[in-house]
Amino acid sequence: MRKGSAPLAADLFENLFDGPRREDIAPGAALLHGFARAQELELMAVIEAVVARAPFRHMMTPGGHTMSVAMTSCGRAGWVTDRRGYRYATHDPASELPWPEMPDVLRELAVSAAAEAGFAAFTPDACLINRYAPGAKMALHQDKDEQDFAAPIVSVSLGLPAVFQFGGMARSDKPRRFELRHGDVLVWGGETRLVYHGVLALKDGEHPLLGRQRINLTFRKAL
DNA sequence: GAGTCTCT
DNA sequence: CCTC
């Protein structure tokens with residue numbers, strides 16, 4: 001293990017997963033299996049601490065529709081949407097307070113995963129926390145509200161499995177589908193940074209640790 | 001496929 | 001990033 005910095009993904013993978021630990025799904029995109037599982041209890045504890053200060057809420061799109069996914073954020077910036085548009089904000093509009101700090105465990109996980117996928121020196125300043133109840137979904141979209149498209153997106157899946165759609169640069173490109181399970185970390189950047197992606201309606205189920213929900217963490221360099 | 005916002 |  002390297003000294004004085006976050007452990008390499010390979011270290012965390014040791015003896016955790018029998019199958020392939022890493023799938024390269026496209027140039028600049030990798031799916032890391034079992035990566036977050038080693039820290040699931042610690043992750044859930046810090047997520048709960050963030051949520052205590054910045055509760056999940058269902059935000060409104062500019063078109064006036066309420067999102068099925070409940071969201072909150074931590075870090076220097078949080079993603080928000082309302083009738084005025086999509087953007088990053090340094091303060092939680094619900095409380096008018098700064099978003100909770102990004103817990104070190106979360107940052108280190110994201111940085112390690114990015115490194116494993118080939119993106120050195122990822123410095124995320126925003127972590128969106130999305131909660132999917134059964135039926136919740138995320139329409140096909142691009143992440144383009146960030147300032148820096150050189151930085152990748154790192155997505156951590158916890159709880160119930162979901163079907164992820166990973167498309168191309170054009171909305172008309174037929175998306176590939178694959179399942180994102182508890183402990184998976186998906187990293188995409190480079191050529192695939194602005195790819196269209198989404199999540200199909202969550203199938204009901206019961207997860208041993210999280211119950212009837214999926215939590216997704218998405219790390220970005222927003223500012 | 002378009003329009004819904006805002007704004008660097 | 002949602003619905004038409």
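Lettering follows sequence order; numbering is per chain, from 1.
Rounded to whole Å, the distance from CE on Met169(A) to P on dG1(B) is 16 Å. Taking atom CZ of residue Arg84(A) and atom C1' of nucleotide dG3(B), one finds them 19 Å apart after rounding to whole Å. dC4(C) atom P lies 14 Å from atom CZ of Arg171(A), rounded to whole Å. Atom CE in Met59(A) sits about 15 Å away from atom C1' in dT6(B), given to the nearest Å. Straight-line distance from the CE atom of Met67(A) to the P atom of dT4(B): 19 Å, rounded to whole Å. Here the C1' atom of nucleotide dT8(B) and the OH atom of Tyr88(A) are 15 Å apart, to the nearest Å. Between His141(A) atom NE2 and dG3(B) atom P there is a gap of 21 Å when expressed in whole angstrom units. Counting to the nearest Å, the P atom of dC1(C) and the NE2 atom of His58(A) are 15 Å from each other.
Counting any heavy atom pair closer than 4.0 Å across all strands shown, Arg83(A) reaches sugar-phosphate atoms only and no base atom. Counting non-hydrogen atoms under 4.0 angstrom, Lys144(A) reaches a base of the nucleic acid. Note on Met138(A): only backbone sugar-phosphate atoms sit closer than 4.0 angstrom, heavy atoms only; bases stay farther off. Residue contacts shown for Asp143(A) are limited to sugar-phosphate atoms, with no base heavy atom under 4.0 Å away.
Taking the ring axis of Phe166(A) as reference, the NZ or CZ atom of Arg176(A) does not stay both within 45° of it and closer than 6.0 Å to the ring centre. Relative to the six-membered ring of Phe56(A), Arg131(A) meets both conditions, a distance below 6.0 Å and an angle of at most 45° to the axis.
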ask   = Step by step, would you call Asn216(A) with Thr218(A) a side chain to side chain donor-acceptor pair (under 3.5 Å)?
value = CA-CA 6 Å; Asn216(A) 179 64; Thr218(A) 314; 2.9 Å; yes

inquiry  = Using the rule given for side chain to side chain contact (heavy atoms under 4.5 Å, CB included), can you reason through Val163(A) versus Phe178(A), listing the C-alpha separation, both sets of side-chain angles and the distance that settles it, and then say yes or no?
reply    = CA-CA 6 Å; Val163(A) 179; Phe178(A) 48 89; over 6 Å; no

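Every residue two or more places apart in sequence or in another chain that forms a side chain to side chain contact (heavy atoms under 4.5 Å, CB included) with Gln142(A) is listed here: Lys144(A), Leu194(A), Tyr196(A).
Listed nucleotides: dC2(C), dT8(B), dT4(B). Nearest to the side chain of Gln147(A): dT8(B). Side-chain atoms of Lys137(A) lie closest to dT3(C) of the nucleotides dT3(C), dC1(C), dT6(B). The listed nucleotides are dT8(B), dT3(C), dC1(C); the one nearest the side chain of His65(A) is dT3(C).
The backbone N or O of Ala89(A) lies less than 3.5 Å from no partner atom in the side chain of His91(A), so there is not a single donor-acceptor pair.
By the stacking rule of 5.5 Å between ring centres and under 30° between planes, Tyr86(A) does not stack on the base of dT6(B).
OP1 or OP2 of dG1(B) lies within a sub-4.0 Å distance of a side-chain N or O belonging to Ser172(A).
When both distances must be under 3.5 Å, the Watson-Crick or G-U wobble mate of dT6(B) does not exist.
For DNA chain C, if you chain together Watson-Crick or G-U pairs that step i with j, i+1 with j-1 and so on, the runs of at least three with distances under 3.5 Å are B:1-3 with C:2-4.
Ring geometry for Tyr86(A) against Trp79(A) counts as parallel: the plane angle stays under 30°, on a 0 to 90° scale with 60° as the upper cut.
Checking each of Arg107(A), Lys221(A), Arg220(A) against Asp125(A) for a salt bridge (charged side-chain N to carboxylate O under 4.0 Å, His left out) leaves exactly one that passes, namely Lys221(A).
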